[in-house]
Amino acid sequence: MVQDQASRRSVLTAVGGTLGLSVAGCLGDRARAAEGELSGRIVASGSNTVAPITQIAAEDFEADHRHVTVVVDPQGTGAGFSVFCQAASAVQSASREIYDPEARRCDEHGVSYSRYTVGQDGLAIGVHASNDWCRTITLEELRRMWVFQATDEITHWRDVRDDWPDRRMQLHARDSASGTFDYFTEAITGEVGNVRDDYSATSQTDEIWRAVGENPYAFGWGGVGHFRAQQEAGAALRAVKVESDEDGEFYPPEREYIESGRYSPLARPLYFYLNHAMLGDEPDLIGSFARFFINNQHNLAEEVGFYRTADDVLVANHDRLDRALESVGVDPDALSVDRRDP
Amino acid sequence: MSVDVINRVLDRSESRSHEDARNRIFRWLLFGASVLGLVVLTLLIADVLWSAYHGLVTFDIDVRQFLTATSSSRPGRAGFAANILASVLLIAMTAVLAFFLAVGCAIYLTEYAADGRLTRLIEANLANLAGVPSIVYGLLVLALIVNDAGLGSVILAGAIALALLIVPIIIVASIEAIRAVPDGVRDGAYAMGSTRWQTIRHVVLPQAMPGIMTGTILALARAIGETAPLIMVGTLFHATRYPVTTDPASWLYAPFADFSAMPTQIYTWTFLAQREFDALAALGIVVLLSVLVLLYAVAGVIRRRYETDGGQSHD
């Protein structure tokens, strides 16, 4: 028994010693990695919609700087802002602008920030491929269809336009937890969250398009990237041309109309926000990542199925980042990543 | 004998053939009910296997790359290896956290605690806890551990959430297993002059262990498929890095590594627009199901092994 305990103790000592040595070795290793090149950890919170762009920017940045880790942990735009405003993330992706209560929360925690537009997403209005009546839709018709008062009132296609069939509509769209929902309801009804409560809501955009593709009398809205992907996979879908609030014409959700700004209001900008306090703490690490993101934003957005912004938006992003760097006392030309204008 | 009795009763009934028909219908209804679950399960598995096969063919996915690469925004490069490793670490930590706590609690409740009102209240609440939706544990850990204690969205935080989720399940299973040990065995140990702890350690626990182990493994199998609490705790969008490296020292940091487990990566893949990710998700589900089947098989083997030699006490 006594022997047994003694041997156990020696084993414990040996294990403890090994662990201690390896900790020391590891710490030394980390310190060595830090010399000369960018290193550290950047946390990116925010939107699930924008996360693919942030993620691909992060992967490419990590490939260039192998001691940097960018942690992309999306919670949704709203939940992400509460992380961001507690200074727990340096970068916040957002599919809408910050709301006043969220901005106040940032103020309370002393978080100042700047906003960068990195791409655009189109919201498609979609119907079944066999639907031969709903080819165009006006913004007023969309509003009448989707406001809260439409609940149990606008139930048949004929309630929207007189010469449409007297058949019941099946409505599919995103749920209220998404930035997409916030954007659509504000753009169409003029008020965030003003929406009828008898449509089938889902958090999965693919589900919307699959459901619309299976019912000739269905009607849905959702991200155009998902719409195209489902269409290519064989879903019987057709995009409805939507009235533009720019020139009153009707446009389909296609690249040229989205990028030129004519597919408005249903093309929405995608953002990231940058935390200035954290930028001040590690200007080269976080500033370089932001600049790398802006340098490549056109290609990154397109690679994951979104649309590019105009070139002058990219240039404005660069100018804003330079001002942010100056505001925390850093020379914009001193970063590891150089500014690349189009 | 009892069948004879029943038959005699039935003989006396006037419409025997009528009763027979009802008997048969009832039997087939019961049979249908028990087969229904099996049919649904078979359909689900067939659907997953078909999607995985279809994806493999359509997108020309390299299975070896899938099992050895980390996830990526570019579906052509994406793999599942970092997620498999993260799930293994997560479940190992969950097992360590949950097992001793749960078994300790079960031993106390069955062997030490007086059978009073408090004990019964605790046991009733354990049954309630086992029914709490898993996301609630995720929210709890998010608030207390991730944010307030500042641990961050790391593997340890995920393991704590999963451990909280399965501790009540293991306790309930362990209590049943320990109660199933006959009192005569305990009395025998006491008669030999054993203390209470010696009795528990050398007599009760060895006999109860197959039940406890089975309960634990089934609980862990549930934990490994859990998505909601991990999403609450916070996981990586794509697990582009392994939580540990080949450097043995990095294993010390494993509890504090950012991660995405198997189910959370599948969740991310399914809501991305690119169709190729759907195929990856289907493959991921196949891997997850295989791990589950493996765990259930291990539970079965342990149970059988202990059942054959567990009856005799050691020494």
Side-chain angles (χ1 to χ4, degrees), chain A residues 18-30 41 43-46 48-49 51-60 62-63 69-75 79 82-83 86 88 93 121 202-207 209 222-230 232-234 300 303-306, chain B residues 51 54-55 58-59 70-78 138-139 142-143 146-148 150 152-154 157 230-245 247-254 256-260 264 267-279 281:
Chain A
T18 320
L19 290 185
L21 283 176
S22 30
V23 170
C26 189
L27 290 175
D29 198 40
R30 293 210 160 178
R41 188 166 174 270
V43 177
S45 58
N48 281 305
T49 306
I53 314 184
T54 315
Q55 174 72 41
I56 201 165
E59 282 174 31
D60 288 353
E62 285 175 349
T69 49
V70 185
V71 177
V72 181
D73 175 10
Q75 311 81 351
S82 65
V83 174
Q86 289 172 24
S93 327
D121 184 18
T202 168
S203 63
Q204 297 259 336
T205 309
D206 283 338
E207 292 300 323
W209 298 128
V224 70
H226 291 266
F227 180 87
R228 297 280 174 231
Q230 287 298 322
E232 276 165 33
L300 295 174
E303 188 164 357
V304 292
F306 294 112
Chain B
S51 307
H54 185 72
T58 316
F59 299 105
T70 60
S71 185
S72 165
S73 302
R74 298 180 174 88
R77 282 191 211 163
L139 287 166
L142 174 67
V146 176
N147 291 337
D148 290 354
S153 302
V154 297
L230 296 182
I231 288 175
M232 279 298 120
V233 166
T235 54
L236 295 172
F237 194 65
H238 284 293
T240 53
R241 282 175 302 275
Y242 292 100
V244 292
T245 62
D247 176 9
S250 74
W251 291 75
L252 281 175
Y253 292 101
F256 309 104
D258 308 297
F259 75 107
S260 177
T264 46
Y267 177 78
T268 300
W269 282 344
T270 53
F271 75 67
L272 289 169
Q274 293 106 306
R275 303 276 305 151
E276 205 169 342
F277 280 119
D278 287 350

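To find a chain, count down the sequence lines: A is the first, B the second, and so on, and within it residues start at 1.
Heavy-atom distances place both the backbone and the side chain of A:Asn48 under 4.5 Å from chain B. Heavy-atom distances place the side chain of A:Arg41, and not its backbone, under 4.5 Å from chain B. Heavy atoms of B:Thr270 lying under 4.5 Å from chain A belong to its backbone as well as its side chain. Contact of A:Glu303 with chain B is made through backbone and side chain together, with heavy-atom distances under 4.5 Å. For chain B, no part of A:Thr54 is nearby; none of its heavy atoms comes within less than 4.5 Å. For A:Gln55, the parts lying under 4.5 angstrom from a heavy atom of chain B are both the backbone and the side chain. For A:Val224, no part lies near chain B; criterion is any non-hydrogen pair under 4.5 Å. When heavy atoms are compared at a cutoff of 4.5 Å, A:Asp206 approaches chain B solely by way of its side chain, counted from C-beta outward. For chain A, no part of B:Thr58 is nearby; none of its heavy atoms comes within less than 4.5 Å. Contacts between B:Thr240 and chain A at a heavy-atom distance below 4.5 Å involve the side chain alone, from C-beta outward.
Residues B:Ala273 and A:Ala229 approach most closely at O-CB, 3.2 Å, considering heavy atoms. Counting all heavy atoms, side chain and backbone alike, B:His238 lies closest to B:Ser71 at ND1-OG, 2.8 Å. Heavy atoms only, all atoms of each residue included: B:Ser73 and B:Phe277 are closest at O-CZ, 3.4 Å.
Atom CH2 of A:Trp209 is separated from atom OG1 of A:Thr202 by 12.0 Å, given to the nearest 0.5 angstrom. Remark: B:Leu230 CG to B:Ser153 OG distance equals 10.5 Å, nearest 0.5 Å. Rounded to the nearest 0.5 Å, atoms CD1 (B:Ile231) and OH (B:Tyr267) are 4.5 Å apart. Taking CZ from B:Arg241 and CD from A:Glu59, the interatomic distance works out to 9.0 Å, rounded to the nearest 0.5 Å. Separation of atoms CD (A:Glu232) and CD (A:Gln230) is listed at 10.0 Å; rounding is to 0.5 Å.
Taking B:Asp278, B:Leu236, B:Thr268 one by one and counting their heavy-atom pairs under 4.5 Å with chain A, the maximum is reached by B:Leu236. The choice from A:Pro52, A:Ala233, A:Gly225 that makes the most heavy-atom pairs within less than 4.5 Å of chain B is A:Pro52.
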